[in-house]
Structures are given as structure tokens and as C-alpha cells.
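If you're wondering where the values come from, they're calculated on a predicted model, not measured in any experiment.
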Amino acid sequence: MNALEFDHVSFSYAGASAPVLRDVSLAVPAGAFALLVGDTGSGKSTLLRLAKPEISPSGRIAGVARAFGEDVRALTAQASARAVGYVFQNPDAQVVCDTVWHEMAFGLENLGVPEPEMRRRVAETCNFLGIEPWFRARTAELSGGQRQVLALAAALAMRPRLLLLDEPTSMLDPLAEKSFLSLLFRANRELGVTVVVATHAPQTMTDYATCAFMLEGGRVCEASLEALSVAEPLAVPPSRQNDQNVADLEEKTVEKTRWSFSSLGAGHERGEKCALLADDVWFRYGRDERWVLRELDLALGRGEVRALVGSNGCGKSTLLSVLAGVTRPVRGRVRNAAASSQALLPQNPRALLAHETVRDELMEWSHAGAYGAAEVDRALERLGLAGAGERHPYDLSGGQQQMLALEKLLLVRPQLLLLDEPTKGLDRAARERLARRVAAVRDTGVTVLLATHDLGFVRAVADSVSLMFDGGITATEPTAEFFARSWLLPKGGRVHFWQVF
């Protein structure tokens with residue numbers, strides 16, 4: 001029996017000029033570990049959501065989606081929960097309770113599962129996934145990797161026979177990604193759960209997968225796992241600030257790096273050379289909580305592209321928030337020369353999307369940013385959304401929402417750009433377009449600080465790299481030197497500890 005079937009399925013969003021899915025037919029056998037790949041906006045998320053009626057998108061649909069032979073639209077809520085589980089790309093869109101144990105029980109409570117059975121399911125799932133040490137923790141205190149494991153655990157506690165996952169590792173560092181995939185593989189092989197993963201990064205999953213499908217132009221075809229296991233590096237944008245050669249730029253970056261390791265309290269003139277200066281910054285979220293940032297020093301030169309790297313939970317997002325002035329340090333100081341002209345892209349782009357159409361989103365700040373309809377039309381062209389101006393932003397793919405939110409920020413021409421996981425949900429082509437976009441704004445003098453796990457993107461676009469660990473900055477080096485000196489980073493194209501795409 002097939003666990004999942006799409007039988008001549010076509011789908012169009014309201015307001016869209018063309019269907020996103022065209023006569024899609026595919027079958028995933030029970031017990032399979034299937035990959036679903038395709039470009040950003042190709043319809044992967046849409047296809048998966050059509051198999052889960054509770055989150056199915058609104059629009060015109062033809063054809064039938066079946067789970068274990070039954071039309072999913074005919075399933076009751078209880079039957080759907082037992083047949084099909086779903087894990088979102090962003091766990092924050094799925095985790096709704098304040099504690100881990102409550103989140104684990106939430107879906108079971110809604111299904112009316114008796115308390116003794118509920119306790120058993122929660123205990124078994126926690127033991128299987130190794131959650132017991134943080135079972136009583138508050139969800140707000142979990143790292144990104146832990147939140148993603150929690151989202152998986154809450155779905156598995158419902159004991160679905162089919163599990164659908166949308167870009168589940170896009171926000172995880174390489175170690176957390178490997179841990180998450182091993183848990184997913186165990187659920188597939190040991191529990192017999194059929195797994196279907198939509199991903200832009202199939203290279204890390206091909207060892208687990210049994211089959212793969214590719215969406216292109218709204219249609220689907222089978223894909224080769226061997227071909228998907230090969231990754232090419234991102235193309236480096238050819239433009240460099242003021243047409244300097246790379247050697248000159250790296251020499252200047254080395255000089256900027258020296259500021260980071262010197263005594264930051266030695267004089268005010270250093271602050272005049274920097275777009276951002278953090279001096280002995282400490283931060284924690286509560287009086288009795290652990291320090292997220294401690295003794296942190298950072299100096300970022302004007303017109304520099306700096307990458308922040310480090311594992312999930314090391315404080316990258318918190319640092320961006322502190323530097324932007326969204327939160328205040330408990331101790332230390334931050335000097336931001338571009339505080340009146342800055343833009344922060346959060347991990348969840350929906351935090352910036354509040355209008356009914358894509359065009360309205362881009363027009364929202366037109367008065368303050370002194371731009372008009374012509375600039376918005378050009379932005380839509382750059383995004384590949386020229387025909388989607390009247391669509392609701394939430395009907396876009398996760399990657400398209402990411403690019404839309406960034407373009408909305410860039411329209412106001414900020415002098416400081418703070419980016420939190422900017423390549424999340426983007427395919428290789430979109431990541432290269434983003435790299436060129438960042439290089440272009442850098443060439444106009446914009447300073448960029450980006451937090452990311454995507455070291456391929458770092459290698460393509462960053463002038464320098466700062467490694468975060470234990471609440472501080474452990475090392476800051478020019479990008480080429482950072483990659484050359486690291487023992488754990490890829491050498492000669494091979495992937496060791498860090499995953500570079």
C-alpha cells in the first residue's frame with residue numbers, strides 16, 4: 001500500500017495568474033523515506049499541506065490527495081491526526097505551549113486521549129527521542145535544535161503513520177542537523193513511520209532516503225538520489241566595494257579585525273571608524289537565568305560584511321537584537337553609528353509581513369523611504385514575483401517570504417543591515433541571488449552583519465567571520481583565513497564537521 005498519493009492534483013492560489021501545481025501524480029510507498037526537492041516557490045510546501053486538510057491552503061484544487069488509500073478531505077480531524085503528522089519549517093509556528101511537557105500533551109488533549117494513555121505516549125516518545133533531561137524546561141529557553149526536536153516529538157506522540165516535514169533542518173547548525181536526522185531516521189526504520197521531507201539541502205539526507213521527487217514548473221518527476229548527494233559551492237559575487245581587488249579588501253578587513261582584539265576602552269576615535277561597537281556586553285533574559293552574552297566585544301567597520309557563526313543557542317540572534325537596540329544589555333555598552341538608519345531581518349519573516357497583498361507589503365514604508373510604485377515593480381521583478389503582486393504574502397513559500405521581507409527592508413535604503421539566518425528556506429539559485437544583492441548594497445557603503453549556519457553563503461559573500469562561543473566572540477578573521485585555519489571546516493571540497501552547500 002502507498003502511504004501518500006497525489007492523483008492528477010492541480011492547485012492555484014487565489015489571485016495567482018498561474019497554477020503552482022499542474023497535474024501532479026506521485027506515490028510514496030508505506031515505510032519509505034522520501035525527499036521532495038525543487039526551487040524556491042516550486043510548490044513543495046503547498047503539495048505537503050494539501051495532504052493535511054487542517055492546514056491546507058485556500059485556492060482552486062483539482063485531483064485527489066490520499067493517505068493510505070483514503071481521500072484526505074474525507075478524514076475527520078481525529079483520523080487525520082492519527083494518519084498524518086506535520087512538522088513546520090519554523091518550530092515557532094508549531095510550538096504553542098510554555099513548557100515542554102505541556103506541548104507534548106497538547107495535541108493528545110485535543111484528541112481526547114485518556115490521561116493514562118496520554119502519559120504513556122508522552123513518556124515513550126520522550127525516551128525514544130532523548131527529551132527527558134529537558135522535559136520540564138520552558139519552551140522559550142530551548143535552543144533552535146531543541147525546539148525542532150520538540151516539534152518532531154509532539155507530532156510523533158500522536159502516533160501518525162505518515163510524517164510530513166517542511167525544511168525541518170534549515171535553522172539548525174550542522175551538529176543539530178545530524179542529530180535531528182538520526183532521530184528522524186530512527187522513527188522511519190524502528191517505528192515504521194513513512195517520512196516525506198521537503199528540502200533545499202538533500203545532500204545531508206540522501207544516506208537515509210529511499211526515493212526522491214523533484215517539482216519543477218508545477219510538475220513532478222522522480223529524482224536520482226545519487227545526483228542529489230552532490231553539492232556545488234555558491235558562486236562568489238564578482239563585484240567588490242569600489243572595484244578593489246580581493247587582496248586589498250582583505251588587508252583592510254585585517255585592520256578592522258585588529259580593532260576587535262584591542263582594548264576597546266582605549267579611546268573614542270575607534271568608535272568613529274566603526275559602524276557598530278560592542279564593549280564588554282552581558283545579557284540574560286531573566287534575573288536568575290543563565291548569561292546568554294558575556295564579556296562580548298565586537299567592532300564592525302563601515303561598509304563591511306561580517307558573518308556571525310556558531311552552534312544553535314550560542315547567542316547569535318540575541319546579539320543582533322542587542323546591537324539593534326531591541327533589547328538592552330545588562331552590562332556593557334553598544335555604540336551604533338547607524339541606529340537611525342538600520343534594518344533587522346528576524347528569523348521568522350512573517351514578523352515583517354502584515355498586509356493582504358505582496359504589493360501592499362512592499363508599499364508600506366514608501367512614504368518614509370521616499371520610493372514609489374516604480375521601485376516596487378522593480379523589486380517584484382527582482383523577486384520573480386511580477387505576477388504575484390495581488391497574492392497574500394502567506395501564500396508564498398517560506399523562501400519567497402524570506403526574500404520579500406528582505407526586499408521590503410532594502411527599499412528604505414538602510415545604512416546598517418542585520419540579517420538573522422537570511423538563507424533559510426532558499427534554494428541554491430536564490431542564495432546566489434541573495435549573495436549578489438548583499439554584495440550590491442555593500443558596494444554602496446552599507447554595513448551588513450549576518451548570523452547564519454550557511455557557511456557556503458558566508459564563503460561567498462562575507463568579508464570577515466566572527467565565531468561565537470560561550471556567550472562571546474572567540475575569533476574574528478578575514479573569511480579566507482577563517483576557512484583556511486579551521487580544523488573542522490571543509491578542506492578541498494570535502495565536508496567534515498560543518499556542512500557547506
Side-chain angles (χ1 to χ4, degrees), residues 92 140-141 144 256 259-260 264-265 267-287 289-310 313-354 364-365 367-370 402 405-422 424 438 441-442 444-452 462 464 466 468 471-473 476:
D92 292 338
E141 299 169 358
K256 292 170 184 172
W259 305 341
S260 299
L264 293 178
H268 297 291
E269 70 278 2
R270 188 176 298 108
E272 296 172 0
K273 297 178 182 178
C274 294
L276 270 178
L277 185 70
D279 183 2
D280 193 28
V281 167
W282 294 66
F283 180 83
R284 58 186 175 189
Y285 285 97
R287 188 180 184 88
E289 304 295 335
R290 69 176 181 88
W291 290 104
V292 181
L293 305 178
R294 61 172 70 234
E295 299 180 296
L296 187 141
D297 295 334
L298 178 140
L300 182 63
R302 288 189 175 94
E304 180 180 358
V305 178
R306 172 79 61 82
L308 290 173
V309 301
C314 72
K316 298 188 299 297
S317 298
T318 299
L319 177 58
L320 291 184
S321 179
V322 169
L323 294 175
V326 177
T327 53
R328 294 176 60 86
V330 177
R331 280 189 257 163
R333 64 176 181 142
V334 172
R335 297 181 63 185
N336 185 345
S340 62
S341 179
Q342 66 176 8
L344 171 63
L345 178 69
Q347 280 193 11
N348 185 358
R350 291 191 177 190
L352 296 178
L353 305 179
E364 181 180 5
W365 300 327
H367 180 70
Q402 189 84 352
L406 176 60
E407 199 65 37
K408 183 177 180 178
L409 296 177
L410 292 178
L411 281 171
V412 300
R413 298 183 292 278
Q415 289 304 298
L416 172 64
L417 195 57
L418 305 170
L419 308 176
D420 197 354
E421 296 291 351
K424 172 175 56 66
V438 170
V441 299
R442 183 265 315 279
T444 66
V446 175
T447 304
V448 182
L449 181 63
L450 60 98
T452 184
S464 57
S466 289
M468 288 194 67
I473 302 293
T476 297

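- Between the CG atom of L450 and the CG atom of D420 there is a distance of 9.5 Å, given to the nearest 0.5 Å.
- In terms of heavy-atom proximity, G315 sits nearest to L293 at O-CD2, 3.8 Å.
- Considering every non-hydrogen atom in both T447 and G303, the closest pair reads OG1-N, 2.9 Å.
- When all heavy atoms of Q347 and E421 are compared, the pair lying nearest together is NE2-CG, 3.9 Å.
- When side chains are defined from C-beta on, R290 does not count as touching E141, because their heavy atoms never get closer than 4.5 Å.
- In this structure, the separation between CE on M468 and CG on L296 is 5.5 Å, given to the nearest 0.5 Å.
- At a threshold of 4.5 Å between non-hydrogen side-chain atoms, the residues L449 and L417 do not count as touching.
- With R302 contributing its side chain and Q415 its backbone, the two residues share no donor-acceptor pair below 3.5 Å.
- Two residues are said to be in side-chain contact when any heavy atoms from C-beta on lie closer than 4.5 Å; T318 and Y285 meet this criterion.
- Residues satisfying the side-chain hydrogen bond (donor to acceptor under 3.5 Å, both in side chains) test with R350, not counting sequence neighbours, are Q401.
- Shown here for Q342 and P414, the closest heavy-atom pair between the two residues is C-CB, 4.0 Å.
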- Task: Go through the steps to decide whether L308 and T452 satisfy the test side-chain contact (heavy atoms from CB on, under 4.5 Å), and finish with yes or no.
- Result: CA-CA 6 Å; L308 290 173; T452 184; over 6 Å; no
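- In this structure, the separation between CG on L416 and CG on L300 is 7.0 Å, given to the nearest 0.5 Å.
- A donor-acceptor pair is defined here as one N or O able to donate and one able to accept, closer than 3.5 Å; no such pair exists between the side chain of S466 and the backbone of T476.
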Between side-chain atoms of residues 320-329 and protein atoms elsewhere (two or more places apart, or another chain), which donor-acceptor pairs fall under 3.5 Å?
unit_1	atom_1	unit_2	atom_2	d
S321	OG	T327	OG1	3.2

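- D92 is linked by a side-chain contact (heavy atoms from CB on, under 4.5 Å) to N90, R147, counting only residues two or more places apart in sequence or in another chain.
- Between the T444 side chain and the V441 main chain, a donor and an acceptor come within less than 3.5 Å of each other.
- Looking at every heavy atom in both residues, V330 comes nearest to R284 through CG2-N, 3.9 Å.
- With contacts defined as side-chain heavy-atom distances shorter than 4.5 Å, the pair L319/F283 does not qualify.
- In this structure, CG on L298 lies 8.5 Å from SG on C274, to the nearest 0.5 angstrom.
- At least one side-chain heavy atom of L352 sits less than 4.5 Å from a side-chain heavy atom of L345.
- Under a 3.5 Å cut-off, the side chain of E304 and the backbone N or O of G301 do form a donor-acceptor pair.
- For the salt bridge (Lys or Arg N to Asp or Glu O under 4.0 Å) condition, the pairs that include at least one residue of residues 408-418, sequence neighbours left out, are E361-K408, E364-K408.
- The side-chain hydrogen bond (donor to acceptor under 3.5 Å, both in side chains) test applied to N348 returns no partner, not counting sequence neighbours.
- For E295, the side-chain contact (heavy atoms from CB on, under 4.5 Å) partners are D280, W282, not counting sequence neighbours.
- When the options V446, V305, L410 are evaluated for a side-chain contact (heavy atoms from CB on, under 4.5 Å) with V438, the one that passes is V305.
- In this structure, K316 contributes its side chain and V309 its backbone to no donor-acceptor pair below 3.5 Å.
- The backbone N or O of G445 lies less than 3.5 Å from no partner atom in the side chain of R442, so there is not a single donor-acceptor pair.
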